[in-house]
> 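Quick one: the structure is below, questions incoming.
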Amino acid sequence: MAVLLEQVLERTLAILPVTREELLLRGITGQVTERLFELKKATAHLQDVYGSKSNLEEKIRRAGVSPDDHTLYTDLLEWRSIESEMSELFGILGHG
């Protein structure tokens, strides 16, 4: 696999007016940006359901977590995870 990748990379560099580093940086930037869009969609879904993370946290404080249904708690953990990952990804892009 590494040999094939190296061959594709060399062919690409022979055609495109970019350096190896630029190509790598563009690939990383593209993947990070794509992941940020996915995470923003997931955040938008949670906002549609709960309004805000603080609303969800308040709902959990008031109602607790049912032993039979952990949806609220799971959604809160997901929301926190999304925020953490987005922060890391923005850091990679130099925005955080």
Side-chain angles (χ1 to χ4, degrees):
M1 177 80 158
V3 172
L4 178 59
L5 180 61
E6 189 63 34
Q7 289 173 347
V8 170
L9 178 59
E10 292 305 320
R11 288 177 51 205
T12 303
L13 291 170
I15 297 168
L16 296 177
V18 296
T19 66
R20 181 180 294 259
E21 291 79 17
E22 289 171 324
L23 195 57
L24 181 60
L25 183 58
R26 288 179 187 179
I28 291 169
T29 302
Q31 289 298 310
V32 167
T33 301
E34 187 176 311
R35 181 64 179 153
L36 283 167
F37 279 120
E38 291 171 7
L39 294 170
K40 284 184 181 238
K41 279 194 243 180
T43 299
H45 170 72
L46 291 168
Q47 287 172 334
D48 288 345
V49 174
Y50 301 107
S52 70
K53 187 176 80 170
S54 61
N55 287 348
L56 174 55
E57 289 169 334
E58 182 60 29
K59 188 172 185 173
I60 291 171
R61 270 193 284 281
R62 280 187 280 116
V65 176
S66 165
D68 298 328
D69 183 5
H70 297 104
T71 302
L72 296 177
Y73 187 66
T74 301
D75 286 349
L76 179 59
L77 292 177
E78 179 182 357
W79 206 325
R80 288 176 178 169
S81 176
I82 288 169
E83 288 178 336
S84 176
E85 185 176 348
M86 287 180 72
S87 176
E88 290 292 323
L89 292 172
F90 278 121
I92 289 170
L93 293 178
H95 299 291

> Is there a path of hydrophobic side-chain contacts, each under 4.5 Å between heavy atoms of I, L, V, M, F, W or Y residues, that connects L56 with V49?
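Yes.
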> To the nearest 0.5 Å, tell me how far L89 CG sits from I28 CD1.
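These two atoms lie 12.0 Å from each other.
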> Flag yes if V32 and L25 sit in one hydrophobic cluster, no otherwise; membership is Ile, Leu, Val, Met, Phe, Trp, Tyr, and two members link when side-chain heavy atoms are under 4.5 Å apart.
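No, separate clusters.
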> With a 3.5 Å distance limit and no angle check, can you tell me whether T12 reaches the backbone of V8 through a side-chain donor-acceptor pair?
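Answer holds: yes.
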> Between E38 and K41, does the salt bridge (Lys or Arg N to Asp or Glu O under 4.0 Å) criterion hold? Intermediate values first, please.
CA-CA 5 Å; E38 291 171 7; K41 279 194 243 180; over 6 Å; no
> Could you tell me which non-hydrogen atom of H70 sits nearest to which non-hydrogen atom of V65, and how far apart they are?
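Of all heavy-atom pairs spanning H70 and V65, the closest is CD2-CG1, 3.5 Å.
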> Side-chain heavy atoms under 4.5 angstrom apart, residues restricted to Ile, Leu, Val, Met, Phe, Trp, Tyr: same cluster for L72 and L77?
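Yes.
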> Over all heavy atoms of both residues, which pair between K53 and W79 is shortest? Give the atoms and the distance, please.
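Heavy-atom minimum between the residues: N-CH2, 3.2 Å.
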> Is the backbone of L39 close enough, under 3.5 Å, to the side chain of T43 for a donor and an acceptor to pair up by distance?
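Side chain of T43 to backbone of L39: a pair is present.
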> Out of curiosity, L13 CG to R20 CZ, how far, rounded to the nearest 0.5 Å?
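If we round to the nearest 0.5 Å, L13:CG and R20:CZ are 6.0 Å apart.
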> Does atom NE2 of H45 have more than 12 heavy-atom neighbours from other groups under 6.0 Å away?
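Atom NE2 in H45 is not crowded, with 12 or fewer foreign heavy atoms closer than 6.0 Å.
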> With the 4.5 Å side-chain cut-off for hydrophobic clustering, are I82 and I60 part of the same group?
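Hydrophobic grouping puts I82 with I60.
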> Of all the heavy-atom pairs spanning E78 and A42, show the shortest one and how long it is.
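Scanning both residues, the minimum pair turns out to be OE2-CB, 4.5 Å.
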> For R11, does the CZ atom have more than 12 heavy-atom neighbours from other residues, nucleotides or ligands under 6.0 Å away?
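Check fails, neighbour count at 12 or below.
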> Would you check if R26 and T29 make a side-chain contact, meaning some heavy-atom pair closer than 4.5 Å?
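No, side chains not in contact.
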> Are E57 and R80 packed together at the side-chain level, in the sense that at least one heavy-atom pair is separated by less than 4.5 angstrom?
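Sidechains of R80 and E57: in contact.
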> Test side chain to side chain donor-acceptor pair (under 3.5 Å) on T71 and D69; report intermediate values, then the result.
CA-CA 6 Å; T71 302; D69 183 5; 2.4 Å; yes
